[in-house]
*Asks:* 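Handing you a structure now.
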Amino acid sequence: MDTRREESGDLEVDGLRLAFRKRPGIQPAIVWLGGYRSDMTGTKASALDEACKGAGRAFLRFDYSGHGQSADDGHDGTISRWTVQAQAMIAAHAPESPVLVGSSMGAWIALKAALAAKTAGQPVAGMVLIAPAPDFTADLVEPGMTAAERAIMDRQGWFAAGNGAVYSKALIDDGREARVMTGPLDTGCPVRIIQGAKDEVVPLAHALKLAAHLPFDDMEMTLVPGGDHRLSRPEDIDLINTAVLAMAASGAR
């Protein structure tokens, strides 16, 4: 098998065309789950693809609806909908207990997918969560919304926050129902958290809250000095790639 050749294509999920790229190689595959309004060609995803290519490791990345090269979903994109899309991608292209790598919002989707997989009796091999932002709409966005922003969202179905991010009413409403940090998170797999010490988007306290919900016997958290939310410095990327490839190697079957 030629692990150097990456395949690009589309998968239709719930009537929407979703773009993906996958690289064949050693199992378990690594699946990249990106953040809100990021795409599969971003710095970290592309660097991880190169690392997987060098290691001969199978790798899958894709764009949620409304992101990157995938079909626009208007303002209908939600955590629940994107989780279904991630599950469909994994079932189609990385079904053999993959390692899930969730960046920011992608960590929320990774957690939901992993919990569902464990319930189905097919736990994933492991997770690496980068600047994880599970429950961010309820915990981080809603508390900071002004009365004016709420009125605008109710009137037109979305609002633009002060930081330039656009949030839909569908995303906010679904986020309350899709929360995962409401009790113990028994994912059935090892979890590694990588968090920047200077992350001002998803603060350290949020990552610590997540860690408190995970079993301590197979969870490790790495605090990156000077690291911001993007964690895209060369040393950050090296740290991430090393952690991910090590997780995949330990999850080999």
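Positions are given from 1, in the same order as the sequence printed here.
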*Asks:* Using a strict threshold of under 4.0 Å (side-chain N to carboxylate O), is an ion pair present between Arg17 and Asp10?
*Replies:*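 The answer is yes: the pair qualifies as a salt bridge.
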*Asks:* Under 4.5 Å between any side-chain heavy atoms of Thr146 and Glu149, yes or no?
*Replies:*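 When only atoms from C-beta onward are counted, Glu149 and Thr146 do touch, with a gap below 4.5 Å.
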*Asks:* Could you go through Ser80 and Glu177, starting from their C-alpha distance and side-chain angles, then the distance that decides it, and tell me whether this counts as side-chain hydrogen bond (donor to acceptor under 3.5 Å, both in side chains)?
*Replies:* CA-CA 9 Å; Ser80 296; Glu177 301 301 319; over 6 Å; no
*Asks:* For Val202 and Leu140: C-alpha separation, side-chain torsions, deciding distance, then whether side-chain contact (heavy atoms from CB on, under 4.5 Å) applies.
*Replies:* CA-CA 8 Å; Val202 179; Leu140 302 177; 4.2 Å; yes
*Asks:* Would you say that Met153 contacts Ile172 through its side chain, given a criterion of any heavy-atom pair below 4.5 Å between the two side chains?
*Replies:*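 Counting from C-beta outward, Met153 and Ile172 do come under 4.5 Å.
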*Asks:* Does atom CD (Gln122) have a neighbourhood of more than 12 heavy atoms from anything else shown, all under 6.0 Å?
*Replies:*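 No, the 6.0 Å shell around CD holds no more than 12 heavy atoms from other groups.
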*Asks:* What is the distance from atom CG of Asp63 to atom CE of Met89, rounded to the nearest 0.5 Å?
*Replies:*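 Result: 8.5 Å between the selected atoms.
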*Asks:* How long is the gap from CG on Leu171 to CH2 on Trp82, to the nearest 0.5 Å?
*Replies:*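 The CH2 atom of Trp82 is 5.5 Å from CG of Leu171, to the nearest 0.5 Å.
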*Asks:* Looking at every non-hydrogen atom in both residues, tell me the closest pair between Arg233 and Val224 and how far apart they are.
*Replies:*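 Smallest interatomic distance, heavy atoms only, reads NH2-CG1, 3.5 Å.
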*Asks:* Determine, step by step, whether Ile90 and Gln87 satisfy the side-chain contact (heavy atoms from CB on, under 4.5 Å) criterion, reporting the C-alpha distance in whole Å, the side-chain angles of both residues, the deciding distance to 0.1 Å, and the verdict.
*Replies:* CA-CA 5 Å; Ile90 291 168; Gln87 291 171 313; 5.7 Å; no
*Asks:* Might you point out which heavy atoms bring Ile79 and Asp174 nearest each other, and give the distance in Å?
*Replies:*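 Scanning both residues, the minimum pair turns out to be N-OD2, 3.2 Å.
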*Asks:* May I ask you to decide whether Glu6 forms a salt bridge with Lys53, counting only side-chain N to carboxylate O separations under 4.0 Å?
*Replies:*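 Salt bridge flag = no for Lys53 with Glu6.
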*Asks:* Of all the heavy-atom pairs spanning Ala131 and Asp199, show the shortest one and how long it is.
*Replies:*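 Nearest pair, atom of Ala131 first, then Asp199: CB-OD2, 3.7 Å.
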*Asks:* Is there a continuous path of hydrophobic side-chain contacts, each under 4.5 Å between heavy atoms, that joins Leu231 to Ile237?
*Replies:*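 As far as the 4.5 Å side-chain criterion goes, Ile237 and Leu231 are not connected within one cluster.
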*Asks:* With a 4.5 Å cut-off on side-chain heavy-atom distances among I, L, V, M, F, W and Y, is there a chain of contacts connecting Leu11 to Val31?
*Replies:*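 Same cluster: Leu11 reaches Val31 through Ile, Leu, Val, Met, Phe, Trp or Tyr contacts under 4.5 Å.
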*Asks:* Distance-only, no hydrogens or angles: does the Gln85 side chain make a donor-acceptor pair with backbone N or O of Phe62 under 3.5 Å?
*Replies:*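 Judged by distance alone, no pair lies under 3.5 Å.
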*Asks:* Is there a chain of hydrophobic side chains (I, L, V, M, F, W, Y, each step under 4.5 Å between heavy atoms) that links Leu18 to Ile109?
*Replies:*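 Leu18 and Ile109: one cluster.
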*Asks:* Would a single hydrophobic cluster contain both Leu214 and Leu208, if residues Ile, Leu, Val, Met, Phe, Trp and Tyr are joined by side-chain heavy-atom contacts under 4.5 Å?
*Replies:*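 Same cluster: Leu208 reaches Leu214 through Ile, Leu, Val, Met, Phe, Trp or Tyr contacts under 4.5 Å.
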*Asks:* Locate the shortest heavy-atom distance separating Ala125 from Met247; write the atom from each residue and the value.
*Replies:*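 Nearest pair, atom of Ala125 first, then Met247: O-SD, 4.4 Å.
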*Asks:* With a 4.5 Å cut-off on side-chain heavy-atom distances among I, L, V, M, F, W and Y, is there a chain of contacts connecting Val124 to Leu60?
*Replies:*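 Yes, one cluster joins them.
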*Asks:* Verify, without hydrogens or angle tests, whether Ser104 (side chain) and Gly106 (backbone) share a donor-acceptor contact under 3.5 angstrom.
*Replies:*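 No.
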*Asks:* Say whether, by atom type as modelled, one donor and one acceptor occur between the side chain of Arg81 and the main chain of Thr78 under 3.5 angstrom.
*Replies:*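 Side chain of Arg81 to backbone of Thr78, a donor-acceptor pair under 3.5 Å: no, none is there.
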*Asks:* Within the structure provided, determine whether Ile193 and Met219 are in side-chain contact (heavy-atom separation under 4.5 Å).
*Replies:*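 Ile193 vs Met219: side chains touch.
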*Asks:* Mind checking whether His75 and Trp158 have parallel, tilted or perpendicular rings, split at 30° and 60°?
*Replies:*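 Parallel: the ring planes of His75 and Trp158 meet at under 30°.
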*Asks:* Please round to the nearest 0.5 Å and tell me the distance separating atom NE2 of His93 and atom CD of Glu7.
*Replies:*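 Interatomic distance, His93 NE2 to Glu7 CD, rounded to 0.5 Å: 7.0 Å.
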*Asks:* So does Glu220 pair up with Arg192, basic N to acidic O under 4.0 Å?
*Replies:*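 Between Arg192 and Glu220 there is a salt bridge, with a charged N closer than 4.0 Å to a carboxylate O.
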*Asks:* Quick one: does any side-chain atom of Ser46 pair with a main-chain N or O of Gly42 as donor and acceptor, under 3.5 Å?
*Replies:*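 Yes: the side chain of Ser46 pairs with the backbone of Gly42.
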*Asks:* Do Lys44 and Asp236 have side-chain heavy atoms sitting under 4.5 Å apart?
*Replies:*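 Of all side-chain heavy-atom pairs linking Asp236 with Lys44, none is under 4.5 Å.
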*Asks:* Do any N or O atoms from the side chain of Asp228 and from the backbone of Lys198 form a donor-acceptor pair under 3.5 angstrom?
*Replies:*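 Answer holds: no.
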*Asks:* Is the closest basic N to carboxylate O distance between Arg21 and Asp49 below 4.0 Å?
*Replies:*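 Judged by the 4.0 Å cut-off on N to carboxylate O distance, Arg21 and Asp49 do not form a salt bridge.
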*Asks:* With no hydrogens and no angle check, just 3.5 Å: does a side-chain donor-acceptor pair link His67 and Asp39?
*Replies:*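 Not at all, the side chains of His67 and Asp39 share no donor-acceptor pair under 3.5 Å.
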*Asks:* Atom CD1 in Ile240, atom OG in Ser103: separation rounded to 0.5 Å?
*Replies:*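 Atom-to-atom, Ile240:CD1 and Ser103:OG are 7.0 Å apart.
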*Asks:* Please evaluate residues Trp108 and Val180 with respect to the criterion side-chain contact (heavy atoms from CB on, under 4.5 Å), reporting the C-alpha separation (whole Å), side-chain torsions for both, the decisive distance (0.1 Å), and the verdict.
*Replies:* CA-CA 8 Å; Trp108 191 353; Val180 292; 4.1 Å; yes
*Asks:* Distance check, rounded to the nearest 0.5 Å: Arg23 atom CZ versus Cys52 atom SG?
*Replies:*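 The SG atom of Cys52 is 8.0 Å from CZ of Arg23, to the nearest 0.5 Å.
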*Asks:* Search all heavy atoms of Ala178 against all heavy atoms of Asp135 and return the closest pair with its distance.
*Replies:*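 What the structure gives for the nearest pair is O-OD1, 4.4 Å.
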*Asks:* Closest heavy-atom contact between Pro132 and Pro134?
*Replies:*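 Shortest heavy-atom contact: C-CD, 3.3 Å.
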*Asks:* Does Ser65 form a side-chain contact (heavy atoms from CB on, under 4.5 Å) with Asp72? I'd like the steps, not just the answer.
*Replies:* CA-CA 6 Å; Ser65 60; Asp72 190 5; over 6 Å; no
*Asks:* Taking side chain as C-beta onward, heavy atoms only, is Ile194 less than 4.5 Å from Leu239?
*Replies:*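 Ile194 vs Leu239: side chains touch.
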*Asks:* Has Ser70 got a side-chain atom pairing as donor or acceptor with Gly66's backbone, closer than 3.5 angstrom?
*Replies:*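 No, Ser70 side chain to Gly66 backbone: no donor-acceptor pair under 3.5 Å.
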*Asks:* Within a strict 4.5 Å, meaning less than it, do heavy atoms of the Asp139 and Met181 side chains meet?
*Replies:*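 With C-beta onward as the side chain, the pair touches.
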*Asks:* Tell me if a side-chain donor or acceptor on Tyr64 pairs with a main-chain N or O of Ser38 at a distance below 3.5 Å.
*Replies:*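 Side chain of Tyr64 to backbone of Ser38, a donor-acceptor pair under 3.5 Å: no, none is there.
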*Asks:* Find the distance between CE (Met105) and CG (Leu33) and round it off to the nearest 0.5 Å.
*Replies:*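 Nearest 0.5 Å value for the CE-CG distance: 9.0 Å.
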*Asks:* Can you check whether Leu111 reaches Met127 side chain to side chain, under 4.5 Å on heavy atoms?
*Replies:*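 Counting from C-beta outward, Leu111 and Met127 do come under 4.5 Å.
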*Asks:* Are the side chains of Leu185 and Leu210 in contact, using a 4.5 Å heavy-atom criterion?
*Replies:*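 Yes - at least one pair of side-chain heavy atoms lies under 4.5 Å apart.
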